[in-house]
Structure formats: C-alpha cells, structure tokens
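Within every chain, numbering begins at 1; the chains are lettered A, B, ... in the order of the sequence lines, protein sequences first and strands thereafter. The shown structure was predicted, so the numbers you read here are calculated from the model rather than taken from an experiment.
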Amino acid sequence: MQSVLIASEESQILIRIINNSFQTLDSIKNRISHTIDLFCSKANDNLIDARRFQCGHSFSGQHDTVTSDSENQFKLRGEERFSEFSDGDKQEPEGAVFSALDAMLKGSLDRLKSMRESISWDHISNKSFSMEANYNQDITTIRALCSEGKLGAALSLWAKMMKKCVVPDIITHNYLINGLCKIGHLEKAEWLLEEMFCRGPFPSCATYNILVKAYCGLNNLDSALNIFSTMAYNGVTPNIVTYNILVHALCKKGLVEDARKLFDKILCEDQDQDKSHLISSTILMDGFFKTGHMTQALTYWGEISRRNLPVDVVAYNVVIHGFGLSRDIAIAYKYVCEMFKNGILPDIFSYNTLISMLCKDGRTSEACYVHGVMSKMGVTPDKVTYKILVQGLCTHGDVIKANYFLHLMLESSIVPKPVIWNTIIDHYARCGNMQKALSIRDEMIGVGVLPNVFTYNALIHAQIQSGNIIEAHSLKEEMLLNGLSPDLVTYNLLLGAACYLGKIHLAFQLYNEMLKAGLYPDIITYTELLKCYCLLGKISEAEDLLVKIQGLGLIIDHVPFQILMKKYCKMKELDKAYKLYEQWLMRDK
DNA sequence: GCCTCATCGA
C-alpha cells in the first residue's frame, strides 16, 4: 500500500486519536532508544544521533498530517535499527534484549492497531477512502510522468498535492529527483531535496545516490563528493550503491588506483552483499581493462571466482570487451562459450561487443554471421548492432553490404540516426558514386531524418573530389537555407578547394567569412593557405604565414614545413630548405 | 518499489 498523508476535515477525529497513539509510541520509542544506546555503545555515535533525528522528524511535533501507514513505518524503522546493530555485534545477551524490545514494540503496535480498528469509520471513512484512492492514483501518475521525462507535469501534480497537505512518499520523491537529474535540472533536484527537509519525507540513501550519480554523470566529482558529505552530515549512511557510484566515477576519470582503494574500503566494511560486490568488482575490472591494465583486471575476475560470487552477464560482457580491447578474439570467444556452459545466455551487449571486435579486426563476414546467429538465438539486433556493422563494413570497403544493413534496419522499423546515413553517403561519395550518395540523402529525408552538417560535409567533400566546386558552394548555400551553419570542416573543404585551384582571393574570402561566423581557423586552414601561396610562387607570403602560424600556439605537424621545404627544393634553394628542416627539428625545444 | 556494472562514438 502506498503511504499517503491526509489532512482533510473529515479525518480530524482520526488524527486526534492517532496523535495520542503517537505520544504513546514516542515514549516507547524513547525507551527503546535509551536501551539500545546502553547496550550498543560500540556502535557509531553519529549514526545513532542521525537515526534518532530521523525518527523524531517523522513522529514528533505537531501532527497536523498523519501517515496512514505510520505504524508500518515505525515497525520498519525499528527493524532497521535492530538489524543495524545486530549486524555489528551478535553476542547472546544483546540478542535477548533485542527480542524483548521487539516484543515490546510489537505489543505497542498491536495496541495501536486495535485502537484504530475501534474507530467508527462509518461517519468519516467513505470520503477518506476515495480521497486516498485519488492520491494513490496521483502518485502513480507522478511516477509515470517522471519515467516519461514529463517533469513539468509531474511537479505540478506534486505541488497540487502538497498544497492540499498531502505529501507523496519517499519513492515518489525519488522518482521526481531522478527525473529532474535525467533531464539535467540538478539545481531543481537539489531544491526538491531542500523541500523534503522542510516538508518531508526525509531523504533516503537512494535520494542521495541519485544526486551523487547525476553529478558523477556530469563528470563533476567535486559536487558528487559534496552531496556525499551532506549525506553523512544529515545522518544518512551511504550504502554499497553509493560507493559503487563513486568507484565507477573514479574509474571513468581513469583514477583506477583511487577506485581500487575505495573498493578495498567497501570490502572491509561490508562482507555480505554478494550481488553488490560483484558489481563493485565488475566496475573495477572494467576500469582496469579500459586503462590497459590487463593483469589487474583479471585479478578481479579471479577474485570473483575465488569468492564464489554469482557471476552475471554484465561481468562476462566486461571480460569479453576487455579481451576485445587487446584484440584477443579467440579468448573472447572462449568466454562466450563459458557463458553458455554456465547457463548465462549472451545478451545484446555480448553480441554487439563481439561484432564490434570482429569489425575492428576486419573480419566483417564473421561479424555478419554473428548478426545472423544472434537473431536465431532470440536476441534482436538493435541500433547499436547496425551502427557497428554499417561503420565496420564501410571502413573495410563494403558500402553495398552496409547499405543492405541500413535497409534491414528500416525493415525492422528502426529509424537510423543521421550518423548511419552519413557514413553510407560519405562512403558512396568517396568511391565516386555521387548519384548513389545523393539518392541516399533523398531517402534519408523521405523517412523523416533531416540531414545535418556531417551530411553536407560528406556531400561537399564528394563534389570537390569530383571537381564540382560550384555544386559544392551551392550545397553550402543550401545548408544555410535549411538553418544549418557550416562548420570548420565545411570551410576547410571549400577553402582547400579554392587554394588547390589557386583562387587565393576566394580562399581569403572564405577565411574572413569563417572568422565572422565565430569559427577559429585550425592548422589545416593555415596549411591550405600556405600551400596556395607556394602554388602561386608567393614565397615571402608563405614564409610570413609560417611565422604567424608558429606564433598562434596551435599544435603544428610536419605538413606546413614539408610543403615549404619541397618548394625550396624545387626552387633549388637547398640552404633555405635545410634551415627550415633544422627549424622543424628544433620546434619543440 | 526509487539508487550501482557492460556494447557504438562521423
């Protein structure tokens, strides 16, 4: 049953009766707290205070709102409290005390239950029940809206409930905070956290975990750690999920050693949760694989076996991916076989990982074969599968087969993202099949996918390669008409073409245009201009430009030096060429 | 119940 707080006029009688019960419960609770404090002095003092604060927050003060499930909440908190201490210390006498306390609490709860049952529900209940049903419906709606990312509607319903003094439960609040974080509204999420302190319910560990994860996701470890310390300050004890989020964030930043230290801390503090420890080990194993530390990664795999942790499909996928990174396809296959043997069926990640490593290794036919196998095994290829295949096939020169998979996607009702179309357009264009490139562009528009700057750059590149400079320029105009801004690549392509044709004025016109558009010319832009000067025999301008480039603080490769050196050689100015060679050798010193 | 791990990446 979802807990809903009700404060309607009809419920006033009930509220008064239950308030009296709360006073009884409060005194029982205080007695229990006192006894626990006496017996569990070894336990963490902060934790006790925090828990007491948590209980106080919910059960003391003016009860102008009442939890319909409050006895259950109290029971739960009592149980949490017992288990928390009994985990740390399992000595016999304390066990007896806990049993006695448990019995006391149970007795009190039974009394409360009978008090509530003795209330004559007839005069007040019908309306209250229907109200509660409405509120439960509202809660379901809020959760659904959050899952769909409709946070505006969710929050307005939340505000409506709060206005009526109906406080949705903690899980619903967590849905709201999670929803806000997922759409990037972290400030609003933190605002809601503050609201929870003022108006309830008190944030749980999951509430904080959501925020910690959101900040980690934005690569803002500082803010994540800040939330983590706020959590401790407010008396909420981090759980293994919190640590796993932090271990993962450290791994993502490449700080695998720090992640390992944090993992060791988890191992020391908590020995029991196999499932979560498997997750911690998987995160670290992945982190070590991705940073190239094969041996350390495999240590965690060994550790998983040694501790007999129940291995899941994710752990296998990490290992398979790890061997893929080191191009050990045979070993990756071995682990796929092991999965089958252990009754763990490869999932979409396993197959995609395998297909990806085969494509990277140029084994595209085998990748296509695996695509067939996965379908037969009941794992439907997804947009990632097709993206890997299309890109892999194009890279290895099989644009026709890539096009076949593009159409297979359409048949499977998956609308390919622009990147897939662009890859195929680019590769048709590169093999000189301009017609096909343009027809794929039209097909793309036909299924409702709008060309983006990459599409146009691929087409412009192709037109330039075919020597159609005018068409290339009209594509640039078309981009502007369609609301797309040409980027650095667009300008470099057109500028390079102008330079190749020796049209230095056009090249500088484009150069000025890109500056006006707020784009920063890069080393390719300058190299093209330098090449143009050399082509036109304007050596002093080329020399000046090289000096200018060196003063810009750009990372310069050997190309501009090489162009000018070749020109010197052609001009039989070997001294100048040699001097430039020396300058190039010395450029980083 | 809400929160933790894996595939791609022009």
- Note on the structure: So the salt bridge (Lys or Arg N to Asp or Glu O under 4.0 Å) pairs with at least one residue in residues 374-395 of chain A (sequence neighbours excluded) are none
- Item | DNA chain B-proximal residues of residues 319-330 of chain A, any heavy atom under 4.0 Å | A:H321
- For A:S147, all residues meeting side-chain contact (heavy atoms from CB on, under 4.5 Å), sequence neighbours excluded: A:Y175
- salt bridge (Lys or Arg N to Asp or Glu O under 4.0 Å) contacts in which one or both residues fall within residues 329-351 of chain A, not counting sequence neighbours: none
- Ranking B:dC5, B:dT4, B:dC3 by distance to the side chain of A:N239, first place goes to B:dC3
- Which of residues 390-426 of chain A have a heavy atom under 4.0 Å from DNA chain B? A:Q391, A:V419, A:N422
- Message: Let's see if you can work this out: which of B:dG9, B:dT4, B:dG1 has an atom nearest to the side-chain heavy atoms of A:D169?
- Response: B:dG1
- Message: What verdict does the side chain to side chain donor-acceptor pair (under 3.5 Å) test give for A:N403 and A:H407, after you've listed the backbone C-alpha separation in whole Å, the side-chain angles of each residue and the deciding distance to 0.1 Å?
- Response: CA-CA 6 Å; A:N403 192 27; A:H407 288 89; 3.2 Å; yes
- Item | Of all pairs that satisfy salt bridge (Lys or Arg N to Asp or Glu O under 4.0 Å), the ones with a partner from residues 407-426 of chain A, not counting sequence neighbours | A:D426-A:R430
- Please list residues of residues 332-343 of chain A whose heavy atoms come under 4.0 Å from any atom in DNA chain B, ordered by number; otherwise none. none
- Task: State, with a plain yes or no, whether a side-chain heavy atom of A:P486 is found less than 4.5 Å away from one of A:V453.
- Result: no
- Item | Step-by-step side chain to side chain donor-acceptor pair (under 3.5 Å) determination, A:N226 to A:S223 | CA-CA 5 Å; A:N226 200 21; A:S223 297; 5.8 Å; no
- Sugar-phosphate, base or nothing in reach of A:V384, heavy atoms under 4.0 Å: base
- Query: Can you list the residues that meet the ring-ring contact (aromatic ring centres under 6.0 Å, His included) rule with A:H293, with sequence neighbours excluded?
  - Reply: A:F288
- Expressed in angstrom and rounded to an integer, what is the separation of A:H173 atom NE2 from B:dC2 atom C1'? 12 Å
Distance-only check: which donor-acceptor pairs under 3.5 Å involve side-chain atoms of residues 246-259 of chain A, not counting sequence neighbours?
unit_1: A:E257; atom_1: OE1; unit_2: A:R260; atom_2: NE; d: 2.9
unit_1: A:E257; atom_1: OE1; unit_2: A:R260; atom_2: NH2; d: 2.9

- Note on the structure: Contacts satisfying salt bridge (Lys or Arg N to Asp or Glu O under 4.0 Å) that involve residues 177-191 of chain A (not counting sequence neighbours) are none
- Query: Going by heavy atoms closer than 4.0 Å, what residues in residues 368-375 of chain A are next to DNA chain B?
  - Reply: none
- Query: Can you find a side-chain donor-acceptor pair between A:D138 and A:T141 that sits under 3.5 Å?
  - Reply: no
- Item | Separation of atom CG in A:D286 from atom C1' in B:dC8, rounded to whole Å | 15 Å
- Item | B:dA6 OP1/OP2 closer than 4.0 Å to side-chain N/O of A:H248 | yes
- Message: Which nucleotide wins on minimum distance to the side chain of A:T282, given the candidates B:dA6, B:dC8, B:dC5?
- Response: B:dC5
- Note on the structure: Looking only at B:dC2, B:dA6, B:dT4, the nucleotide nearest the A:K290 side chain is B:dA6
- Message: Short of 4.0 Å, heavy atom to strand atom, which residues of residues 436-464 of chain A count as contacting DNA chain B?
- Response: A:N452, A:F454
- Task: Would you mind reading off the distance between A:L493 atom CG and B:dA10 atom C1', rounded to a whole angstrom?
- Result: 13 Å
- Message: If you compare every side-chain N and O of A:N178 against the phosphate oxygens of B:dC3 (OP1, OP2), does one of them come in below 4.0 Å?
- Response: yes
- Taking C-beta and beyond as the side chain, do A:W301 and A:V311 meet within less than 4.5 Å on heavy atoms? yes
- Select base, sugar-phosphate, or nothing to describe what A:K213 touches, counting heavy atoms under 4.0 Å on all strands. sugar-phosphate
